[in-house]
Amino acid sequence: MNQRRNRTRFTEDQLKILIKAFDQNPYPGYATKQRLALEVNTDESRVQIWFQNRRARHQSQKKSEHDEDLESSQDQDHAEEEIQSREDRRHRSSYTPSQLHTLIQAFTNNPYPGINTREQLAKEIGVPESRVQIWFQNRRSRFHVQRKREPHDQD
DNA sequence: GCTAATCTGATCAGCTACCAGCTGATCAGCGCATTAGC
């Protein structure tokens, strides 16, 4: 079963905090996301997803509002400034051969594990579920690239 | 219909070993990503 994670429902108070933080910086670093997660009582990964979705909505909204605006080039410059001042990323995880063995085996069985499988794997190898999800995303992505490069001998 | 969750693909950046390749983290998505819960 490729079950999805249950939908998070942010309260008005939680949203107030997140929106205020977004207005200050739409690209928060790991430390800021962790602090926000504590403040709104959720996981850092949920804060990350919230910012991703918010940026996507914000961009398309801004685009339609300023579509014919000749000043839009100034917005572009501002966006580039924002990107330049990005905060620190999460520290890079490193996996032991045993952890990788477990992940690769699971990937072979099912490259699209649902939330239950990911949580089970996370528990088994002792890492957060969000890291397991990222590992599978990267693995699938590189698997697709590799398959594109390989000759199609058996299509 | 709104929006959290998920996806692909591109890119950034740390680590290992000696400059490049591998891989974890982050990001956009443009006829404005798609899927799915509420």
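Residue numbering restarts at 1 for every chain, and letters A, B, ... go by the order of the sequence lines. Atom set for the values below is all heavy atoms of this structure, side chains included, hydrogens, waters and symmetry mates excluded.
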A.B. asks: Strictly by salt bridge (Lys or Arg N to Asp or Glu O under 4.0 Å), give each pair with a member in residues 94-112 of chain A just once, sequence neighbours left out.
C.D. replies: none

A.B. asks: Would you please name every residue forming a side chain to side chain donor-acceptor pair (under 3.5 Å) with A:R35, sequence neighbours left out?
C.D. replies: A:E39

A.B. asks: Excluding sequence neighbours, so at least two apart, what forms side chain to side chain donor-acceptor pair (under 3.5 Å) with A:Y112?
C.D. replies: none

A.B. asks: Determine the Euclidean distance between corresponding C1' atoms of B:dC7 and B:dA33; express it in Å to zero decimal places.
C.D. replies: 8 Å

A.B. asks: Scan nucleotides 21-27 of chain B nucleotide by nucleotide, 5' to 3', and note B when protein non-hydrogen atoms come under 4.0 Å of the base, S if they reach only the sugar-phosphate, - if neither.
C.D. replies: --BBBBB

A.B. asks: For A:R54, answer base if it contacts any base atom (sugar-phosphate contacts may also be present), sugar-phosphate if it contacts only those atoms, and nothing otherwise; contact means non-hydrogen atoms under 4.0 Å.
C.D. replies: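 Nothing, no heavy atom under 4.0 Å.
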
A.B. asks: Rounded to whole Å, please give me the gap between CZ in A:R118 and P in B:dA5.
C.D. replies: 11 Å

A.B. asks: For A:F22, which residues count as a ring-ring contact (aromatic ring centres under 6.0 Å, His included) partner, sequence neighbours excluded?
C.D. replies: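 Here the qualifying residues are A:F51, A:H58.
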
A.B. asks: Expressed as a whole number of Å, how far does the C1' atom of B:dT6 sit from that of B:dT26?
C.D. replies: 15 Å

A.B. asks: Polar pairs (N or O, both sides) under 3.5 Å between protein and nucleotides 36-38 of chain B?
C.D. replies:
| residue | atom | partner | partner atom | Å |
| --- | --- | --- | --- | --- |
| B:dG37 | N2 | A:R7 | NH2 | 3.2 |

A.B. asks: So do the side chains of A:Y30 and A:Q48 get within less than 4.5 Å of each other, counting heavy atoms only?
C.D. replies: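 No; the side chains remain at least 4.5 Å from each other.
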
A.B. asks: What pairs of residues pass the salt bridge (Lys or Arg N to Asp or Glu O under 4.0 Å) test when at least one of them lies in residues 104-133 of chain A, not counting sequence neighbours?
C.D. replies: A:R5-A:E129, A:R118-A:E129

A.B. asks: Could you tabulate the donor-acceptor pairs under 3.5 Å formed by side-chain atoms of residues 95-103 of chain A, not counting sequence neighbours?
C.D. replies:
| residue | atom | partner | partner atom | Å |
| --- | --- | --- | --- | --- |
| A:T96 | OG1 | A:Q99 | N | 3.1 |
| A:T96 | OG1 | A:Q99 | OE1 | 3.4 |
| A:Q99 | OE1 | A:T96 | N | 2.9 |
| A:Q99 | NE2 | A:I125 | O | 2.7 |
| A:T102 | OG1 | A:S98 | O | 3.1 |

A.B. asks: Counting only heavy atoms not in A:N109 (residues, nucleotides, ligands), do more than 12 fall under 6.0 Å from its CG?
C.D. replies: yes

A.B. asks: Write down the distance between CZ (A:F51) and C1' (B:dA4), rounded to a whole number of angstrom.
C.D. replies: 15 Å

A.B. asks: What interatomic distance, in whole Å, is found between C1' of B:dT35 and the corresponding atom of B:dT8?
C.D. replies: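 The answer is 14 Å between these two C1' atoms.
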
A.B. asks: Just to verify, what does A:R90 make a side chain to side chain donor-acceptor pair (under 3.5 Å) with, not counting sequence neighbours?
C.D. replies: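 Residues passing side chain to side chain donor-acceptor pair (under 3.5 Å) with A:R90: A:E44.
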
A.B. asks: B:dT34 and B:dG9: how far apart are their P atoms, nearest whole angstrom?
C.D. replies: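 Rounded to whole Å, the distance is 14 Å.
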
A.B. asks: Would you please name every residue forming a side chain to side chain donor-acceptor pair (under 3.5 Å) with A:Q137, sequence neighbours left out?
C.D. replies: none

A.B. asks: Treat a base pair as Watson-Crick or G-U wobble with both distances under 3.5 Å, then lay out DNA chain B in dot-bracket form, 5' to 3', with | for cross-strand pairs.
C.D. replies: ((((((((((((((((...))))))))))...))))))

A.B. asks: What's the CD-P distance between A:Q146 and B:dT8, to the nearest Å?
C.D. replies: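 These atoms are roughly 15 Å apart.
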
A.B. asks: Rounded off to whole Å, could you give me the CD1-to-C1' distance for the A:I115 and B:dT35 pair?
C.D. replies: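 My rounded result for the distance is 16 Å.
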
A.B. asks: Going by atom type alone, with no hydrogens or angles, which donor-acceptor pairs under 3.5 Å involve a side-chain atom of residues 6-15 of chain A and a protein atom two or more places apart or on another chain?
C.D. replies:
| residue | atom | partner | partner atom | Å |
| --- | --- | --- | --- | --- |
| A:T11 | OG1 | A:Q14 | N | 3.1 |
| A:T11 | OG1 | A:Q14 | OE1 | 3.4 |
| A:Q14 | OE1 | A:T11 | N | 2.7 |
| A:Q14 | NE2 | A:V40 | O | 2.5 |

A.B. asks: Closest nucleotide of DNA chain B for A:Y112 versus for A:T8: which of these residues is on the 5' side?
C.D. replies: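 Looking at the nearest nucleotide for each, A:T8 comes out on the 5' side.
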
A.B. asks: Strictly below 4.0 Å: does A:R57 bring a side-chain N or O up to OP1 or OP2 of B:dA4?
C.D. replies: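 So the side-chain polar atoms of A:R57 do come within 4.0 Å of the phosphate oxygens OP1 or OP2 of B:dA4, strictly under.
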
